[in-house]
Amino acid sequence: YRDKRLVTWDPKLHTAISDLEVEPREVKGHFWHLRYPVENSNESIVVATTRPETMLGDTAVAVHPDDERYKHLVGKLLVLPLVGRRIPIVADTYSDPEKGTGAVKITPAHDFNDFEVGKRHNLPLINIFDMNAKLTNDVPEAYRGLDRFVARKQIVADLEAAGALVKVEDHTLQVPYGDRSGVVIEPWLTDQWYLDAATLSKPCVAAVEAGRTQFVPKHWEKTYFEWMKNIQPWCISRQIWWGHQIPAWFGPDGTCFVEETEEQARKIADAHYKQPTQLRRDTDVLDTWFSSALWPFSTLGWPEKTPELARYYPTSVLITSFDIIFFWVARMMMFGMHFMNEVPFKDVYIHALVRDEHGNKMSKSKGNVVDPLQVIEEHGTDALRFTLIALALQGRDIRLSADRIGGYRAFVNKIWNASRFALMRVTGNVAPLSSMQAKLEEPDRWILSRLANAVADVRKHLDEYKFAEAANAMYVFVWDELCDWYIELVKARLMNEDAAGARSKQVAESVLVHVLETAMRLMHPVMPFITEELWQKLPIERSTAFIAQQKYPGDELAVWRNPALENSYALVQSGISAIRTIRAEKNLGPTRPIDAIIVAANADDRKLLEEQRASIIALARLQKLDIQASRAGAPEEAATKVTDRLEVIVPMGDLLDYAAEAAKLARQIEKTEAERVKLTTKLDNKAFTDRAPADVVARERARVTELEQMLVTLRDGHKRAEQRATKT
RNA sequence: GGGCGAAUAGCUCAGCGGUAGAGCGCCUGCUUUACACGCAGGAUGUCGGGGGUUCGAGACCCUCUUCGCCCACCA
């Protein structure tokens, strides 16, 4: 509908702008107290204003109906200084007796609140500004044509000269600026086109309440609701060049015809005027957000009923920034519900805002934009992309951190080097995994199980829009599991040129290539460049030209999942780590060949360790490994490391510092004992054993048993070390 | 005035009812033939304060403090 009301007018760009494009800025200004005399009386009323120039357009002064100070003056007239116009004193609850003098000047044509007061009291609207915010001919001659800020100075001076200026106070106030033009916007009375947004918004609120569209993270719904439920009429016309021209035609007498086409409008107009009539099209264009609101269906061929529209509307997900919720998301909802009678998207993912290093929002007009090309120059495209994804946590903004980008650049490098290793060691095309399932060795089955886990985790996180978690799952799998364990585990097999090891070598090659190939597909959306490059190089059969055309890894990996194997394999890893810890603590160096004894009380554990003897020897760099049920026969001069299920003993000969060893064991005993006491106290608490879930209680009991076993071993070792220390 | 979010290791941040974590930084040792953008090992926390719920609380509830943001208003 067309209406004459106040709009937020940009006097530089000469157009109405949206409330959302208005940016309040805090400015130091003044409070001017002005005295308006009551006609034919000695009395007067003092009003306070931050914009004295608007007094030229005053058409009333309002006081609160219950304000005893002014009750007797309501209905009387004031003489407006400098102008001489008689203006009424009206009673209106808009006036707040607590604020200022309790009397407020009313300028209906230049203030939104005053406009409403004016409507209630049938006050005239006096437009004192033109489109440039210069004073019009409706003001005394002395001020005509003056710019608003020039006029302000002049008027204050003249009021002072006339004795109407009571006092001036310093005052800090919020002044509305146009966010594009950077000038103070002016509430201005114009004819504009409006949408009845309140009516359009109702089904949109209902749709989100019913969950037909869901916000992720959910709390943004509140922002959406708050705005939708307090929505104002939407001024959709703009006095600018670019945009969809409004389909409205005016006849000579100002009658308006709104039709889809000019032809249609002319037909209606001719009928209306009963003769062929010249029409003039409205030169205004639609607010850009009006046009954008049509996007979800207009791009699919609407208003035609196209197959695309049937297939893709409603869309699955809109990914956008929170500051677009009002501008675009809400408006697409309105038009979707109105024109399609269906929501435009099922999910709205509100992503984090990337802020600059100081935490400020980046903006083109502020100029504090981090240039991605520069970051890419320094760290690489894939590193930047991975960093953004890794930092994209729900409900939290991103401060782009150079350190994090550097860390992920190292990750990209790691992927490159791991693949380089594989390409160096794997010769010829590899066989499909299915053909060698029976020949897989423990480490092979372990990494395939971990891969299946990683794929499942990544997919789950992506489904939930948890991008940072998805990135982390990729990172941990590739670096901590594939590189740090699997590649190290298979090195010996890959480098073995003996005929006897040929089959084992081939299996390792196939598994390594298969795992890498799957990892490339898994990471491709985040790191498109390196994954494409490496995928092209892998010795595999390629069914498509590009990795992007391949299927994303999914459920087909699930057959490899093997939690029991992973659990038992953790024992082997903890044994290797224990030996490495002794190496580091005793300064044995990473490469010096040493002997080690692993004591495991459990027969199944020993069996598993025996099977993995070669891996343990290789990764712990041992020259001799004994796996036994008890400590019997182990030398006294030994460093030990005790874990939940095993004790690792490294004979040290004269190298061992017994006092230090005893002290180290004493510290571990103290910590273990403290944990045991804590758990025992917990288990002694009847309230806990009665009320906590059975599995929690059982787990705690098992843990106490483990700790008790550890303590026996630790105390035994401690006693021996202490005896030796005193002997020497 | 209304609303939202945040406070956890030196830094950037996960965890959101059952033994406090990651990356970076820091410390120790390493030319280990994929990688020093690396490898192995290590240290580091009254989880902002105070109440409460619970067998059990960074986690849930209340409250306070401090930061950040959004909306409205400001004669």
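Reminder, nothing fancy here: chain letters follow the sequence lines and each chain counts from 1.
- Here K491(A) pairs with E488(A) in a salt bridge; the nearest charged N to carboxylate O distance falls below 4.0 Å.
- Taking atom C1' on both C4(B) and C74(B), the two are 22 Å apart, rounded to the nearest angstrom.
- For Q174(A) and C73(B), the CD to P distance is 11 Å, given to the nearest whole Å.
- The interatomic distance linking I405(A) (CD1) with C24(B) (C1') rounds to 13 Å, in whole Å.
- Atom CD in E675(A) sits about 10 Å away from atom P in U19(B), given to the nearest Å.
- Separating the CD1 atom of I389(A) from the P atom of A22(B) is a distance of 23 Å, rounded to the nearest angstrom.
- Taking 4.5 Å as the limit, every side-chain heavy atom of Y408(A) sits out of range of all side-chain heavy atoms of D382(A).
- Nucleic acid contact class of F31(A) (heavy atoms, under 4.0 Å, all strands): sugar-phosphate only.
- Straight-line distance between the C1' atoms of G23(B) and U66(B): roughly 27 Å, to the nearest whole Å.
- Nucleotides G41(B) and G48(B) place their C1' atoms 34 Å apart, quoted to the nearest Å.
- Of all heavy-atom pairs between R331(A) and F326(A), the closest is CD-O, 3.2 Å.
- Taking atom C1' on both nucleotides, U54(B) is separated from C61(B) by 12 Å, rounded to a whole Å.
- The same atom, C1', is picked in A14(B) and in A72(B); the two are 36 Å apart, to the nearest Å.
- Between the CZ atom of F327(A) and the P atom of C70(B) there is a distance of 12 Å, given to the nearest Å.
- Separating the C1' atom of G56(B) from that of A40(B) is a span of 38 Å, rounded to the nearest Å.
- The partner of G25(B) is absent, by the rule that a Watson-Crick or G-U pair needs both atom distances under 3.5 Å.
- Relative ring orientation between Y224(A) and F215(A) is described as tilted, the plane-to-plane angle lying within the 30° to 60° band.
- Residues T49(A) and P693(A) both approach RNA chain B. Their nearest nucleotides, taken by heavy-atom distance, put P693(A) toward the 5′ side.
- Ring-plane geometry between W289(A) and W328(A) is classed as tilted, the angle between the planes lying from 30 to 60 degrees on a 0 to 90 degree scale.
- Comparing the P positions of C26(B) and C60(B) gives an interatomic distance of 35 Å, to the nearest angstrom.
- T101(A) comes within contact range of no nucleotide atom at all, as no heavy-atom separation falls under 4.0 Å.
- Under the 3.5 Å distance criterion, with hydrogens and angles disregarded, a donor-acceptor pair is assigned to the side chains of R420(A) and N417(A).
- Nucleic acid contact class of D690(A) (heavy atoms, under 4.0 Å, all strands): none.
- Nucleotides C24(B) and G50(B) place their P atoms 34 Å apart, quoted to the nearest Å.
- What separates CZ of F322(A) from C1' of C4(B) is a distance of 11 Å, to the nearest Å.
- Look at G58(B): its glycosidic torsion is within 90° of 0, and that puts it in the syn range.
- As the counterpart of C4(B), G68(B) is assigned, both hydrogen-bonding distances of the Watson-Crick or G-U wobble pattern falling under 3.5 Å.
- Judged purely by distance below 3.5 Å, without hydrogens or angles, the side chains of K641(A) and S577(A) never pair a donor atom with an acceptor atom.
- Considering every non-hydrogen atom in both K586(A) and A639(A), the closest pair reads CE-CB, 3.7 Å.
- Residue K222(A) has no polar side-chain atom (N or O) positioned under 4.0 Å from OP1 or OP2 of G3(B).
- Toward the 5' end of RNA chain B, the nearer of the two residues N472(A) and V696(A), judged by each one's closest nucleotide, is V696(A).
- Nucleotide G38(B) forms a pair with C30(B), judged by Watson-Crick or G-U wobble geometry with both contacts under 3.5 Å.
- Taking atom OH on Y408(A) and atom C1' on U12(B), their separation rounds to 10 Å, with Å as the unit.
- A 3.5 Å limit on both hydrogen-bonding distances identifies no Watson-Crick or G-U partner for A57(B).
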B/S/- along nucleotides 29-44 of chain B (protein heavy atoms under 4.0 Å) is -S-B-BB-BSSSS---

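- In terms of phosphate contacts, Y224(A) brings no side-chain nitrogen or oxygen within less than 4.0 Å of OP1 or OP2 of C4(B).
- Residue N685(A) contributes atom CG, which lies 14 Å from atom P of U54(B) at whole-angstrom precision.
- Using a 4.0 Å cut-off between charged nitrogen and carboxylate oxygen, R120(A) and E116(A) do not count as a salt-bridge pair.
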